[in-house]
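Just so you know, residue 1 is the first one in the sequence shown, and it goes up from there.
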Amino acid sequence: MARHLITSALPYINGIKHLGNMVGSMLPADVYSRYLRQRGHDVLYICATDEHGTPAELAAKEQGLPVDEFCAKAHDAQKAVYDGFALAFDYFGRSSSAENVEITQHFARRLKENGFIEERAIRQVYSPADGRFLPDRYVEGTCPHCGYDKARGDQCENCTRVLDPTDLIDPRSAISGSTELEVRETKHLFLLQSKLQHEVEEWVARHEPHWPHLASSIARKWLTEGLHDRAITRDLDWGVPVPADTWPELAAEGKVFYVWFDAPIEYIGATKEWSDQDPENRDWKSWWYDVDDKVRYTEFMAKDNVPFHTVMFPATELGVREPWKKVDYVKAFNWLTYYGGKFSTSQKRGVFTDQALDILPADYWRYFLIANAPESDDSSFTWEHFTATVNKDLADTLGNFVNRVLSFSRKRFGEEVPAGGEPGEPEAKLGEEIARLLGEYQEHMESLQFRKAAAALRALWSAGNSYLEEKAPWLEIKTDKEGAALTLRTAMNLIHLYAVVSEPFIPSTSAAMRSAFSLTDDTATWVTPDEARSLTAVPAGTPFTVPPVLFAKLTDDDLAAYKERFGGESE
């Protein structure tokens with residue numbers, strides 16, 4: 001089986017993330033990782049908190065904490081939420097780790113040796129009120145492209161254009177709010193992306209035919225506009241230090257690397273963190289170094305992260321002239337909006353992941369978000385859509401099927417799977433339908449088409465309901481008890497099949513369905529379409545229990561309460 005390396009865009013350390021962040025990176029990566037593991041592949045799913053740059057310093061300042069203490073606490077808080085969502089990372093690291101410092105500095109040294117980093121004097125925003133140079137995110141103002149008045153000095157959150165602080169109209173300090181800003185000369189390191197343009201173009205050209213249109217079009221847009229040399233150091237107190245053995249003057253001035261230089265390298269750094277925990281059994285380089293044909297690397301991210309992963313980081317890897325693994329497939333997502341408006345961490349608009357778990361268990365959110373993932377275009381979260389999806393798909397189609405099959409069978413046949421007669425034409429027809437739908441589900445999962453995969457999974461659940469309605473065991477038992485027993489046994493095998501194949505989407509619910517049956521040797525990790533035709537995994541005589549209600553239906557009162565708490569329209 002193949003070896004799959006999977007990463008999702010690193011969540012910033014400055015606060016708990018919203019649902020848009022979850023569905024745009026970590027959740028689909030988890031769903032895909034779970035699916036691949038079930039199919040027998042060797043999978044390593046790596047993520048980490050992105051702890052450097054101005055967001056960390058500003059958030060720490062706001063809370064009155066030293067930045068390292070703030071980051072440690074925020075990392076644990078984020079990890080607790082991701083555990084609550086059942087994200088099965090193999091490792092969730094920190095970009096402030098010693099491993100990331102080591103590898104980032106190694107990359108920088110190699111880029112300098114190869115002529116792709118040079119020191120330049122530049123003019124940069126300085127705040128006399130703060131007594132310091134202001135790196136990109138320490139400057140706020142109006143975007144010159146779209147007029148958004150809360151744009152940051154590195155990127156406009158509204159139109160996603162990449163900016164320099166000096167581009168902003170009416171700039172102000174994000175620390176003090178002072179508009180008395182000056183432009184002074186200072187020295188920084190520049191990554192000479194212009195010298196790597198041709199190599200990056202050739203690399204993208206080899207891969208973009210296989211990427212989603214969203215990822216390839218963004219990469220191509222950047223390349224068409226031309227790669228510019230980019231400053232990769234900042235005047236900050238927190239970050240990966242410029243190594244003194246290579247740039248003593250800049251190191252003495254306290255320069256650190258730009259967060260977008262070290263953050264992608266943290267994928268490698270976090271893998272080394274994982275490996276360093278058990279070095280006798282884990283080899284981080286076997287995933288990253290000289291493994292081009294041995295490992296398939298898939299990245300998950302929202303569209304604002306695409307340029308850095310399809311152009312800037314590949315340029316960095318190409319420039320070190322070492323055989324580091326580069327991404328094979330970039331799964332990019334559009335925005336999940338909140339009633340048509342943007343979710344925003346900085347403006348606290350929308351539903352945040354910790355709040356979501358306070359309201360309902362993770363599987364409600366996992367299923368809804370993936371079933372409505374913003375793949376081909378933006379998708380909108382509304383409470384009306386959420387409650388309708390939960391009620392129709394989860395409570396009625398899946399949950400009600402499980403409950404009425406097991407409850408009715410226990411009532412009429414006791415607490416063991418009934419035997420019944422031999423399968424007939426309805427069961428053969430059902431088996432073919434399940435095999436077909438399972439094949440579609442697998443195909444969509446393999447091609448990372450999550451909305452289509454969710455639709456195929458929903459169709460699998462619906463097929464069980466259609467079979468049950470056709471056979472109507474509550475009527476059948478009056479004239480043909482053996483026939484009703486067969487129907488219920490077949491339906492119980494469907495429940496077991498659902499438990500196995502639904503696990504990537506709703507892992508906790510799948511575990512509850514699977515544990516309803518006391519099978520002595522239940523080792524199945526997947527069910528193939530051929531295996532699904534027979535529906536014999538749960539034989540007659542198997543003890544079973546009726547689990548608690550899998551999904552509670554949401555009421556009009558619930559809907560009203562959600563809208564009152566979070567608002568029912570964009571702001």
### Message
Can you confirm whether His198 is buried at NE2, in the sense that more than 12 heavy atoms of other residues, nucleotides or ligands lie under 6.0 Å from that atom?
### Response
no

#### Entry: Thr7-Tyr297 side chain donor-acceptor pair, cut-off 3.5 Å
yes

### Message
Please determine whether a side-chain nitrogen of the Lys or Arg among Lys150 and Glu157 lies less than 4.0 Å from a carboxylate oxygen of the Asp or Glu.
### Response
no

### Message
Strictly below 4.0 Å, N to O, side chains only: are Glu299 and Lys331 in salt-bridge contact?
### Response
no

### Message
Applying salt bridge (Lys or Arg N to Asp or Glu O under 4.0 Å) to Arg3 and Asp42, what does each step give before you reach the verdict?
### Response
CA-CA 5 Å; Arg3 302 180 76 215; Asp42 188 7; 3.5 Å; yes

### Query
Looking at the rings of Trp324 and Phe107, which for Trp means the six-membered one, are their centres under 6.0 Å apart?
yes

### Query
Does the gap between the ring centers of Phe308 and Phe313 come in under 6.0 Å?
no

### Task
May I ask you to say whether Glu446 pairs ionically with Lys452, meaning some side-chain N is under 4.0 Å from a carboxylate O?
no

### Query
Are Asp154 and Arg152 within salt-bridge range, i.e. N to O under 4.0 Å?
yes

### Query
Would you find a donor on one side and an acceptor on the other, under 3.5 Å apart, between the side chain of Asp30 and the backbone of Ala88?
yes

### Query
Taking C-beta and beyond as the side chain, do Tyr267 and Leu10 meet within less than 4.5 Å on heavy atoms?
yes

### Check: Glu51/Thr49 side-chain N/O donor and acceptor closer than 3.5 Å
yes

### Task
Using distance alone, with no hydrogens and no angle criterion, decide if Tyr562 and Glu384 have a side-chain donor and acceptor under 3.5 Å apart.
no

### Query
If we ignore angles and hydrogens, is there a donor and acceptor under 3.5 Å between the side chains of Asp170 and Thr142?
no

### Query
Does any N or O in the side chain of Asn21 come within less than 3.5 Å of the main-chain N or O of His18, such that one atom is a donor and the other an acceptor?
no

### Query
Can Asp229 and Arg120 be counted as an ion pair, charged N to O under 4.0 angstrom?
yes

### Query
When you look at Glu199 and Arg321, which way does the salt bridge (Lys or Arg N to Asp or Glu O under 4.0 Å) test go after all the steps?
CA-CA 12 Å; Glu199 293 180 53; Arg321 300 300 191 236; 2.8 Å; yes

### Query
Strictly by modelled atom types, are Tyr441 and Arg436 linked by a side-chain donor-acceptor pair under 3.5 Å?
no

### Message
Is it the case that the ring center of Phe333 lies less than 6.0 angstrom away from the ring center of Trp335?
### Response
no

### Message
Are His385 and Phe368, when compared by the centres of their aromatic rings, separated by less than 6.0 Å?
### Response
yes

### Query
Do the side chain of Ser502 and the main chain of Ala499 share a donor and acceptor less than 3.5 angstrom apart?
no

### Task
Please check if the distance between the ring centroids of Tyr82 and Phe92 is under 6.0 Å.
yes

### Summary
Of all heavy-atom pairs linking Arg172 and Asp149, the shortest is NH2-O, 3.3 Å

### Query
Taking Gln355 for the side chain and Phe352 for the main chain, is one N or O donor matched with an acceptor at less than 3.5 Å?
yes

### Message
Tell me which one of Asn100, Asp262, Thr104 satisfies side chain to side chain donor-acceptor pair (under 3.5 Å) with His52.
### Response
Asp262

### Message
Evaluate Asp50 against Arg94 for salt bridge (Lys or Arg N to Asp or Glu O under 4.0 Å), listing each step before the verdict.
### Response
CA-CA 7 Å; Asp50 184 0; Arg94 302 180 61 186; over 6 Å; no

### Query
Just wondering, are more than 12 heavy atoms of other shown residues or ligands nearer than 6.0 Å to NZ in Lys326?
yes

### Query
Does a donor on one side chain and an acceptor on the other come within less than 3.5 Å for Trp526 and Gln442?
yes

### Query
Does a salt bridge link Asp90 with Arg37, judged by any charged N lying under 4.0 Å from a carboxylate O?
yes

### Task
Verify the distance criterion only: is there a donor paired with an acceptor across the side chains of Tyr289 and Glu322 at less than 3.5 Å?
no

### Task
Could you tell me whether a side-chain N or O of Glu375 sits under 3.5 Å from a main-chain N or O of Arg451, the two making a donor and an acceptor?
yes

### Query
Side chains of Gln38 and Thr525: is there a donor and an acceptor less than 3.5 Å apart?
no

